[in-house]
K.L.:
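Sending over a structure as structure tokens; questions will come in a sec.
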Amino acid sequence: MPNGTGNFDPVAAVEKGAYWQPFTATRVLQANPAPRTLVSAKGAYYQTLDGKKVFDTLSGLWCTPLGHGHPLIAEAVKAQVETLDFAPCFQVTHEGALSLAQRIADMAPEGMNHVFFANSGSEAVDTALKVALGYHRLKGAGNRFRMIGRERGYHGVGFGGMAVGGILSNRKMFAAGMMPGVDHLRHTYEPQHMAFTRGQPTWGAHRVEDLERLVALHDASTIAAVIVEPVQGSTGVIVPPLGYLQRLREICTKYGILLIFDEVITGFGRMGAPFAAQRFGVTPDIITFAKAVTNGVVPMGGVIVTDEIYKTFMTGPKSAIEFCHGYTYSGHPLAAAVGHVVLDVMEGEGLYERVRALEPVLEDAAHSLKGLKNIADIRNIGLTAAVELKPAEAGAGVRGTAVFEEGLRQGLLLRVTGDIISFGPPFISTEQELKDMMLTLRNVIETVG
């Protein structure tokens with residue numbers, strides 16, 4: 001039991017606030033904690049403290065594509081703890097990190113053969129930004145310091161990731177700590193041109209020319225990297241227009257700017273391929289990953305870089321540390337062991353193929369809600385979708401909050417940001433579960449009004 005006596009009261013604990021939770025409306029949680037307190041999970045479902053079984057519509061937080069309680073993962077964790085529970089990765093190494101890095105490199109786009117481990121998406125992004133700065137400095141272009149993000153982008157909550165990110169609520173309180181020299185591309189979402197699009201919209205590729213504007217403003221010789229999510233996830237599944245990512249690659253190559261794909265959400269199968277880079281046929285210079293690599297069981301993140309970037313760092317005295325960066329838990333043995341099991345299951349059970357098969361099922365189910373009162377847009381790609389609600393008269397986010405609460409009552413754990421409901425169900429979901437998920441959402445929206 002949590003306190004060793006069996007008398008722990010989670011409801012009272014929430015009300016006391018000892019645990020200050022991330023990205024949470026704390027006072028709303030404290031007002032009614034039982035439906036929001038998760039006590040167990042199995043497969044694609046959670047169990048709440050008040051006894052409700054709820055469908056996990058977002059794979060935890062985009063991170064549990066295999067569902068919950070996978071027996072092979074539990075076995076791997078136990079075996080690894082008994083063999084090598086921790087190993088530092090400063091000046092020494094271990095087989096788990098070595099073999100998982102090689103395996104990930106083999107899955108990555110051609111020419112991206114080197115993996116640096118971190119512990120989260122936020123750490124992976126800050127690592128990628130440091131790699132970009134270091135690379136240009138080593139190439140004799142230390143004047144390349146600017147980072148270009150994109151409006152509505154989410155790149156974690158480190159100071160670097162916050163600076164290149166483009167979500168106002170994550171930035172405004174911490175403006176004094178912003179990284180200097182950051183600018184942003186315009187986002188690609190304009191509902192009047194692309195509402196209710198299935199897959200990639202045909203409108204919007206021209207927005208990528210905004211990078212040419214920033215080059216003209218700042219000069220390419222000052223720009224180190226552009227970082228984008230291939231599919232913008234946390235802001236509500238904004239799908240790249242046809243040709244956008246391909247043209248972004250062309251412009252970055254033209255000016256010697258590194259292109260970073262933040263694949264913390266899209267990596268490891270969400271787009272029906274190991275990485276979204278492969279789904280869209282665009283190879284960046286750096287890929288960040290996290291979340292699904294360990295099915296959310298043990299924190300892990302990392303970056304994948306090209307041979308050119310890696311070789312550039314491998315210079316100077318042989319006894320010198322080439323990249324003065326890293327974390328105590330980089331390449332953690334438990335994370336590496338779980339990572340191998342996750343990739344075994346994805347490959348052995350054909351889950352990339354399963355995602356591609358489920359994609360049209362989710363698409364049809366989501367778009368069946370078109371025409372329902374108070375729905376402003378529906379969009380989808382891969383095993384992701386978003387249903388955007390019209391704001392209530394009482395203000396933005398009010399309807400979304402009501403939908404979240406009603407969803408719990410009707411058996412759905414929803415991810416609602418403002419008035420946008422995002423979906424990224426587990427890869428193990430059945431076709432019927434995806435259809436039922438959207439049928440229940442229909443009932444939820446009709447109930448809330």
Side-chain angles (χ1 to χ4, degrees), residues 21-25 29 35-38 40-48 52-70 120-121 154 156 167 229 231-239 262-272 276 289-297 299 342 351 354-355 358-359 361-363 365-366 369 378-389 397 400-401 403-408 410-430 433-441 444-445:
Q21 296 190 211
F23 283 107
T24 296
L29 173 63
R36 293 174 175 238
T37 301
L38 308 177
S40 64
K42 190 67 178 177
Y45 296 86
Y46 283 105
Q47 186 90 11
T48 64
K52 180 73 72 174
K53 183 180 180 182
V54 294
F55 185 70
D56 184 5
T57 67
L58 198 75
S59 300
L61 284 173
W62 304 101
C63 56
T64 58
L66 307 188
H68 304 278
H70 199 291
S120 68
Y154 180 74
I167 297 178
E229 302 155 274
V231 176
Q232 292 183 271
S234 293
T235 193
V237 187
I238 296 179
V239 181
D262 185 341
E263 296 227 33
V264 169
I265 284 175
T266 54
F268 301 98
R270 184 58 61 181
M271 292 295 114
F289 66 86
K291 293 188 183 288
V293 67
T294 58
N295 204 53
V297 175
V342 170
L351 292 187
R354 182 174 180 81
V355 167
L358 289 174
E359 180 172 354
V361 177
L362 178 61
E363 178 177 285
L369 302 180
I378 299 167
R379 45 194 181 265
N380 71 281
I381 194 166
L383 204 59
T384 71
V387 175
E388 185 156 353
L389 306 171
T401 298
V403 163
F404 175 84
E405 298 286 355
E406 183 61 28
L408 285 173
Q410 295 197 30
L412 294 179
L413 177 59
L414 297 169
R415 175 59 175 165
V416 181
T417 305
D419 289 305
I420 303 173
I421 312 163
S422 298
F423 294 91
F427 301 171
I428 62 164
S429 304
T430 66
E433 283 174 329
L434 298 186
K435 294 174 183 177
D436 290 345
M437 176 179 74
M438 289 302 176
L439 284 172
T440 303
L441 180 63
V444 168
I445 293 172

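The structure presented is a predicted model; accordingly, all values stated were derived computationally and were not measured. We use all heavy atoms of the structure for the numbers below, so side chains are in, but hydrogens, waters and symmetry mates are not. Throughout, residue positions are numbered sequentially from 1 according to the sequence presented.
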K.L.:
Can you list everything that forms a side chain to side chain donor-acceptor pair (under 3.5 Å) with Ser422? Sequence neighbours excluded, please.
P.N.:
none

K.L.:
Going by salt bridge (charged side-chain N to carboxylate O under 4.0 Å, His left out), name the residues that satisfy it together with Arg379, two or more places apart in sequence or in a different chain.
P.N.:
Asp377, Glu388

K.L.:
Looking only at non-hydrogen atoms, find the nearest pair between Leu362 and Pro425 and report the distance.
P.N.:
CD2-CD, 4.3 Å

K.L.:
Could I get the full list of salt bridge (charged side-chain N to carboxylate O under 4.0 Å, His left out) partners for Arg36, not counting sequence neighbours?
P.N.:
Glu405

K.L.:
Report the residues that fulfil side-chain contact (heavy atoms from CB on, under 4.5 Å) with Gln410, sequence neighbours left out, ordered by chain and then residue number.
P.N.:
Glu406, Thr440, Asn443, Val444, Thr447

K.L.:
Applying ring pair (Phe, Tyr, Trp, His ring centres under 6.0 Å), name anything that partners Phe404, two or more places apart in sequence or on another chain.
P.N.:
none

K.L.:
Among all residues two or more places apart in sequence or in another chain, which pass the side-chain contact (heavy atoms from CB on, under 4.5 Å) test with Ile428?
P.N.:
Pro426

K.L.:
Using the test side chain to side chain donor-acceptor pair (under 3.5 Å), find all partners of Glu359 that sit at least two apart in sequence or belong to another chain.
P.N.:
Arg279

K.L.:
Over all heavy atoms of both residues, which pair between Leu408 and Lys52 is shortest? Give the atoms and the distance, please.
P.N.:
O-CG, 3.6 Å

K.L.:
Applying side chain to side chain donor-acceptor pair (under 3.5 Å), name anything that partners Glu363, two or more places apart in sequence or on another chain.
P.N.:
Arg198, Asn380

K.L.:
Using the test salt bridge (charged side-chain N to carboxylate O under 4.0 Å, His left out), find all partners of Glu433 that sit at least two apart in sequence or belong to another chain.
P.N.:
none

K.L.:
Only counting residues at least two apart or in another chain, list the ones meeting ring pair (Phe, Tyr, Trp, His ring centres under 6.0 Å) with Phe289.
P.N.:
Phe268

K.L.:
How would you list, by chain and number, every residue that makes a ring pair (Phe, Tyr, Trp, His ring centres under 6.0 Å) with His68, sequence neighbours excluded?
P.N.:
Tyr46

K.L.:
Taking distance alone, no hydrogens or angles, what donor-acceptor pairs closer than 3.5 Å link side-chain atoms of residues 412-419 to residues at least two apart or in another chain?
P.N.:
| unit_1 | atom_1 | unit_2 | atom_2 | d |
| --- | --- | --- | --- | --- |
| Asp419 | OD1 | Gly397 | N | 3.4 |
| Asp419 | OD1 | Gly400 | N | 2.9 |
| Asp419 | OD2 | Gly397 | N | 2.8 |

